[in-house]
Amino acid sequence: MATPDFIRDLRADVGRRLLFLPGTSAVVFDDEGRVLLVRRADTGHWSIIGGIPEPGEQPADAVVREVYEETAVRAVPERLALVQTLAPVRYPNGDVCQFVDMSFRCRAVGGRARVNDEESLEVGWFGPDELPPLEEFALTRIERAGRDAPTWFQTTSGR
């Protein structure tokens, strides 16, 4: 994911130290029940769409923007599927971030899936039994978004 300008500005002050940031991810389904995936340029792996909200931007608006920026697909958020604090990540340049991911179940309402920016190598629709190899992050979100269930969250108390 490209680094937003506001994070570059923060990095000028805090250096490479841990930044605790909001993150959004989108599990986008079409009318056939297929899920929209991107093959990321930075890792070469297939994944769901994600990004960082801009200051003042609502998380649901951020997923709509990210889906369009990366895939040219117009999507509508239907519900919040999952909220989870992820483990800290150290990037190759030494920057450290930790994200609170808000994952939305979305419905495609227009556009034609294609690579729409430099963050993706490929874009495609995949049926539930046709998924390419995915990391646990994406698999968990696809599974949770596919359920008709309340928002999933984790507690440290085990309740």
Side-chain angles (χ1 to χ4, degrees), residues 1-4 7 16-30 33-54 57-73 75-108 113-159:
M1 104 181 43
T3 304
I7 292 178
R16 307 220 180 279
R17 293 185 316 221
L18 175 73
L19 288 180
F20 191 63
L21 298 167
T24 58
S25 57
V27 179
V28 182
F29 292 102
D30 68 4
R34 299 176 301 172
V35 66
L36 181 63
L37 299 175
V38 296
R39 192 161 67 85
R40 296 172 54 111
D42 59 349
T43 66
H45 298 141
W46 286 97
S47 190
I48 59 174
I49 295 103
I52 300 170
E54 295 290 333
E57 184 179 33
Q58 294 296 327
D61 293 332
V63 295
V64 168
R65 175 181 52 77
E66 289 288 346
V67 168
Y68 183 76
E69 285 177 359
E70 294 184 28
T71 70
V73 169
V76 174
E78 295 182 320
R79 68 178 176 82
L80 187 61
L82 176 149
V83 177
Q84 183 180 35
T85 298
L86 305 175
V89 176
R90 181 175 299 276
Y91 291 95
N93 68 357
D95 289 353
V96 181
C97 293
Q98 186 172 24
F99 295 95
V100 175
D101 179 56
M102 295 162 277
S103 187
F104 289 83
R105 176 191 168 103
C106 299
R107 179 175 37 88
R114 64 179 172 83
V115 173
N116 204 34
D117 67 10
E118 72 285 347
E119 294 182 38
S120 304
L121 300 172
E122 293 180 71
V123 173
W125 291 103
F126 295 87
D129 298 327
E130 306 168 329
L131 297 175
L134 295 168
E135 294 179 5
E136 190 64 31
F137 174 88
L139 288 171
T140 298
R141 280 146 183 79
I142 292 168
E143 190 270 329
R144 296 284 176 185
R147 290 184 185 180
D148 185 20
T151 303
W152 181 89
F153 56 89
Q154 186 173 359
T155 66
T156 55
S157 66
R159 289 187 245 170

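The first residue in the sequence is number 1, and the count goes up from there. This one's a predicted model, so the numbers in the text were calculated from it and none came from an experiment. When reading the values below, keep in mind they use all heavy atoms of this one structure, side chains included, and skip hydrogens, waters and symmetry mates.
Side chains of Leu37 and Leu134 form a contact here, defined as non-hydrogen atoms less than 4.5 Å apart. In this structure the side chain of Trp152 never reaches within 4.5 angstrom of the side chain of Ser103, judged on heavy atoms. The shortest side-chain heavy-atom distance between Thr71 and Asn116 does not fall under the 4.5 Å cut-off. At a threshold of 4.5 Å between non-hydrogen side-chain atoms, the residues Trp46 and Leu131 do not count as touching. Thr85 has its side chain out of reach of Gln154: every pair of non-hydrogen atoms, C-beta onward, lies at least 4.5 Å apart.
Leu86 CG to Phe137 CZ: the interatomic distance, rounded to the nearest 0.5 Å, is 6.0 Å. With rounding to the nearest 0.5 Å, the separation of OG in Ser120 from CZ in Arg40 is 8.5 Å. For the atom pair CZ of Phe153 and CG of Leu80, the computed distance is 11.0 Å after rounding to the nearest 0.5 Å. For the atom pair CZ of Arg114 and CD of Glu122, the computed distance is 15.5 Å after rounding to the nearest 0.5 Å. Residue Ile52 holds its CD1 atom at 5.5 Å from CG of Leu21, rounded to the nearest 0.5 Å. Note that CD1 of Ile48 is 6.5 Å distant from CG of Asp101, once rounded to the nearest 0.5 Å.
For Arg90 (side chain) and Gly94 (main-chain N/O), a donor-acceptor pair under 3.5 Å exists by modelled atom type. Without hydrogens or angle criteria, Glu70 side chain to Val115 main chain gives no donor-acceptor distance under 3.5 Å. In terms of modelled atom types and a separation under 3.5 Å, the side chain of Arg79 and the main chain of Ala149 share a donor-acceptor contact.
Glu135 CD: 12 or fewer foreign heavy atoms inside a 6.0 Å radius.
Nearest heavy atom pair, residue Val63 against residue Ser25, reads CG1-O, 3.7 Å. Nearest heavy-atom pair across Arg16 and Asp95 is NH1-OD1, 2.7 Å. Across Val73 and Ala108, no two heavy atoms sit closer than the pair CG1-CB, 3.9 Å. In plain terms, the two heavy atoms of Arg107 and Val28 that are nearest each other are C-CG1, 4.4 Å. Taking both residues in full, the closest heavy atoms of Met102 and Pro22 are given as CE-CB, 4.0 Å, listed atom of the first, atom of the second, then distance. Residues Glu119 and Asp117 share a closest heavy-atom pair of N-OD1, 3.0 Å.
Here Arg34 pairs with Asp30 under the side-chain hydrogen bond (donor to acceptor under 3.5 Å, both in side chains) rule; sequence neighbours left out.
Results of the side chain to side chain contact (heavy atoms under 4.5 Å, CB included) test with Arg144 over Val27, Leu82, Leu139 single out Leu82 as the only residue that passes.
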